[in-house]
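It should be emphasised that the depicted structure is a prediction, and the values quoted were computed from it without experimental measurement. Lettering of chains follows the sequences in order, A, B, ..., and the numbering in each one begins at 1.
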Amino acid sequence: MKKIYYFILFATFSPIVFAIDTGLAFEDSKLQERYEKLISEVRCLVCQNQSIKSSNVFLAVDLRNEIKIMIGKGKSNNEIGDYLVERYGEFILYRPRYTGYSLFLWIAPLALMLGGLFVVMRVIKSKSN
Amino acid sequence: MMNKHYLPIIIFFLVIPIFYIGLDRNKSELPSPLIGKEMPKFSLPSLQNSNNIIDNSNFDYEIFLLNVWATWCSGCLEEHPFLMQLSKSNQIPIIGLNWRDNKNDAIDWLENYGDPYNLIANDKLGRVAIDWGVYGAPESFLVDSNGIIIHKHLGPLNEKIWEQDFVSLIRDVNNK
């Protein structure tokens, strides 16, 4: 019986270990910070609801590697974003860019709110008259 | 004044089709931004003979199908009989991109199930696959005689999909 208790105890408290990239990608802490921020904003297309930072699917590993190489080569965040979007489309970035259809999506709520405000003001005005 | 009460109902019926289309879309299948663009440049060793280099110059002036496959991919086994059939029909050259696979496993696989490919490039590191925007095998790209990617299919190919999505595109290219 005791064995079962121990088993349950250890099973429930055993730490979950994810072997995601052991060690740092860069020695320079600024580059490392940039790298980590970047990979947390790239969607893992195989898993879709995870970033490539938190996934161990090999495509995520490959993309992290590719991003690491590009940072090492001195590419800007924008250039790295372009590289990904050219191949996988806008969907790969968690933060869509301000272009085309996504620009419309950014502006639409604001426009709708302003429109609503305008209607409300007119109603109030006509009521008070 | 009466008309005003109908406005929300009209808006409701305008919005419903938009939501309906949204629901119907298959979210796991993403449109490739590479459609209509020139195929990415690449240069890889052949799977069977690593001294042979396969690059873009192998496909000049000919329409072909690039099929991304691996032995770890169950969908690849599913579409394999169709690829064999397609290869026998001589409709189109099939180029394999062996993605992130074990070379010996891949060669065994072809010996067991047959080899439908004219050429197979060995993308051991998966870097060429990234250039093609590959994220799940099997994937198939139709590349026209100018080297432009004209269609991409995600998932196993079969006769129905081939007839529906590929045949007319191939005919158009060949009639040009």
Novice: Can you check whether B/L125 reaches A/D62 side chain to side chain, under 4.5 Å on heavy atoms?
Specialist: no
Novice: When hydrophobic residues are tied together by side-chain contacts of less than 4.5 Å, even through go-betweens, does B/I35 share a cluster with B/F166?
Specialist: no
Novice: For residues B/I149 and B/W162: do they belong to one hydrophobic cluster (side chain heavy atoms under 4.5 Å, members Ile, Leu, Val, Met, Phe, Trp, Tyr)?
Specialist: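 No; B/W162 is not reachable from B/I149 via cluster members.
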Novice: Please report the shortest heavy-atom distance between A/V85 and B/P33, naming the atom on each side.
Specialist: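 For A/V85 and B/P33, the tightest heavy-atom pair comes out as O-CG, 3.5 Å.
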Novice: Flag yes if more than 12 heavy atoms outside A/E27 fall under 6.0 Å of its CD atom; otherwise flag no.
Specialist: no
Novice: Is there side-chain contact between A/E86 and B/L34, with at least one heavy-atom pair below 4.5 Å?
Specialist: no
Novice: Compare all side-chain heavy atoms of A/V57 with those of B/Y135 and state whether any distance is below 4.5 angstrom.
Specialist: no
Novice: Counting only non-hydrogen atoms closer than 4.5 Å, does A/L63 touch chain B with its backbone (N, CA, C, O), its side chain (CB onward), both, or neither?
Specialist: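 Both parts, backbone and side chain.
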Novice: Are any of the side-chain nitrogens in B/D131 or A/R87 under 4.0 Å away from the carboxylate oxygens of its partner?
Specialist: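 So B/D131 pairs with A/R87 through a salt bridge.
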Novice: Mind ranking A/N65, A/L84, A/V46, A/L59 by heavy-atom pairs under 4.5 Å with chain B and telling me who comes out on top?
Specialist: A/L59
Novice: Should we say atom CD of A/E33 is surrounded by more than 12 heavy atoms from elsewhere, each under 6.0 Å from it?
Specialist: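 No, CD of A/E33 has 12 or fewer neighbouring heavy atoms, counting only those of other groups under 6.0 Å.
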Novice: Taking CZ in A/F104 as the centre, count heavy atoms belonging to other residues, nucleotides or ligands within less than 6.0 Å. Is the count above 12?
Specialist: no
Novice: A quick test of your reading: do over 12 heavy atoms of other residues, nucleotides or ligands sit less than 6.0 Å from NZ of B/K124?
Specialist: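 No, because the 6.0 Å sphere around NZ of B/K124 holds 12 heavy atoms or fewer from other groups.
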Novice: Once rounded to the nearest 0.5 Å, what's the spacing between atom OH of A/Y88 and atom CH2 of B/W132?
Specialist: 12.5 Å
